[in-house]
Amino acid sequence: MSDGALKVSGMNAVLASVMGHWFAENGRELPWRTPETTAWGVLVSEVMSQQTPVARVAPIWTEWMGRWPTPADFADAPAADVLRAWGRLGYPRRALRLHECAKAVVERHGGVIPDDVDALLALPGIGTYTARAVAVFAYRQRHPVVDTNVRRVVARWAHAKPDAGHATTTADLRDAEALLPSEPEEAARLSVALMELGALVCTARSPRCGDCPIARDCGFLASGESLPEGPSRKPQRYHGTTRYVRGQIMALLREAEHPVARVAIDGVWHETARREEALSGLISDGLVDALPGDRFALPS
DNA sequence: AACCCGGGGAT
DNA sequence: ATCCCAGGGTT
């Protein structure tokens, strides 16, 4: 952190206090934000929330935890059941990785979600963000938790920039670490509050600076600059892409009671090459089984 | 570093 | 019609 104000002794405690009060008043009541949520529940919520808005995750998470209350319960489930329960959350490879993760937790850790960041990082589907999120939100340890929201808040508030880079870097972790108060519990509360601030107030396109509890110290607000108007990313099309066709095939197979013939898959998109690209990709990803007789199904 | 991977709600 | 979202894995 190069900003001089942050080096003032006690500044982090003040930030944590202000953000803590703001979160207590304004934080959303998500189903996994309860004292009885297990580390497994936290892990599931984090994986489901990777690139998927939490509002869409909440009902699926509740159903999921009722069906598979522990990693061991989930590890024993058939992959097809897992993919159907995942439904339309998107990026179904996450569901498969979560399945592999649960199996690894059973084998390596006796069915207990590890509390060590490095052990978490070694699990399938657990990366820089999710490992720290579990260690902090489930085990109340003191680590920086840096997601897209925290990167944006820190970029604006501490660095007076309109936005952050597109991926989490070592510098992002160091910047977030520099903001944490010394007490792990207070640090954990600050991290979730910063994430919530980014989700509700310090949003990507239309930040509500009038509602921001830390606007007084915000470098970007003080700079007087305004956000760039044009699209911040390259234009992304979806309809007709491989991802779209993959999604169509997965939806077809999720809803099918029995293996489907190739001709049924032909109906999801008119371009054969695109269709084949999508189908072969799904098979190599382990999301689809190719069965004898040119038939296809979710993996068994 | 760049690219791939879904889907829906907001604007 | 376009943007955005509690990212991770592969190359």
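Naming convention: chains lettered A, B, ... in sequence-line order (proteins, then strands); numbering from 1 in each chain.
Linking Ile, Leu, Val, Met, Phe, Trp and Tyr residues whenever their side-chain heavy atoms come within less than 4.5 Å leaves A:Leu298 and A:Val82 in two separate clusters. Linking ILVMFWY residues whenever their side-chain heavy atoms come closer than 4.5 Å, directly or via other members, places A:Met11 and A:Val18 in the same cluster. Hydrophobic clustering (side-chain heavy atoms under 4.5 Å, transitive across Ile, Leu, Val, Met, Phe, Trp, Tyr) groups A:Tyr238 together with A:Val245.
If you check every strand for non-hydrogen atoms under 4.0 Å, A:Trp32 touches a base. Within 4.0 Å (heavy atoms only), A:Thr203 reaches no atom of the nucleic acid at all. Nucleic acid contact for A:Ala133: none, since no nucleic acid atom lies under 4.0 Å from a heavy atom of the residue. Within 4.0 Å (heavy atoms only), A:Thr130 reaches sugar-phosphate atoms of the nucleic acid but no base atom. Among the heavy atoms of the strands, none lies under 4.0 Å from A:Leu96.
For the pair A:Tyr129 OH and C:dA6 P, the interatomic distance rounds to 9 Å; values are reported in whole Å. For the pair A:Asn149 CG and C:dC4 P, the interatomic distance rounds to 13 Å; values are reported in whole Å. Distance A:Leu120 CG to C:dG7 P: 17 Å, rounded to the nearest Å. When rounded to the nearest whole Å, the span between CG of A:Leu173 and P of C:dG7 equals 14 Å. Distance CZ (A:Arg237) to C1' (B:dC4): 11 Å, rounded to an integer number of Å. Rounded to a whole Å, the CD1 atom of A:Ile60 is 17 Å from the P atom of C:dA6. Straight-line distance from the CH2 atom of A:Trp61 to the P atom of C:dA6: 18 Å, rounded to whole Å. Rounded to an integer number of Å, the gap from A:Leu98 CG to C:dG9 P is 12 Å.
Inspection of the A:Thr52 and A:Arg94 side chains reveals an N or O donor paired with an N or O acceptor under 3.5 Å. The closest side-chain donor-acceptor pair between A:Glu46 and A:Tyr129 falls under 3.5 angstrom.
A donor N or O paired with an acceptor N or O is found under 3.5 Å between the base of C:dA6 and the side-chain atoms of A:Arg33.
Residue order along DNA chain C, read from the 5' end via each residue's closest nucleotide, puts A:Ser45 first among A:Ser45 and A:Arg97. When each of A:Val54 and A:Gly125 is assigned the nucleotide of DNA chain C with its nearest heavy atom, A:Val54 is the one assigned upstream, toward the 5' end.
Non-hydrogen atoms lying under 4.0 Å from DNA chain B are contributed by nothing in residues 257-271 of chain A.
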Original post:
What one-letter contact string describes nucleotides 6-11 of chain B from 5' to 3', where B marks a base within less than 4.0 Å of any protein heavy atom, S marks contact via sugar-phosphate atoms alone, and - marks no contact?
Top reply: BBS---
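Separation of the P atoms belonging to B:dC5 and C:dA6 is 22 Å when rounded to the nearest angstrom. Spacing between C:dG8 and B:dG8 at atom P, rounded to whole Å, works out to 23 Å.
Using a 4.0 Å cut-off between a side-chain N of Lys or Arg and a carboxylate O of Asp or Glu, A:Arg174 and A:Glu177 do not qualify as a salt bridge.
A:Trp86 has its side chain out of reach of A:Leu96: every pair of non-hydrogen atoms, C-beta onward, lies at least 4.5 Å apart. Residues A:Trp40 and A:Val105 are not in side-chain contact: their nearest non-hydrogen atoms beyond the backbone lie 4.5 Å or more apart.
Under 4.0 angstrom from either OP1 or OP2 of C:dA6 there lies no side-chain N or O belonging to A:Arg151.
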Tell me which donor-acceptor pairs under 3.5 Å the side chains of residues 53-64 of chain A have, and how far apart each pair is, sequence neighbours excluded?
{"from": "A:Arg56", "atom 1": "NH1", "to": "A:Arg88", "atom 2": "O", "distance (Å)": "3.2"}
{"from": "A:Trp61", "atom 1": "NE1", "to": "A:Gly41", "atom 2": "O", "distance (Å)": "2.9"}
{"from": "A:Thr62", "atom 1": "OG1", "to": "A:Ala58", "atom 2": "O", "distance (Å)": "3.2"}

Original post:
Can you check side-chain contact (heavy atoms from CB on, under 4.5 Å) on A:Val146 and A:Thr128, steps first, answer last?
Top reply: CA-CA 8 Å; A:Val146 178; A:Thr128 304; over 6 Å; no
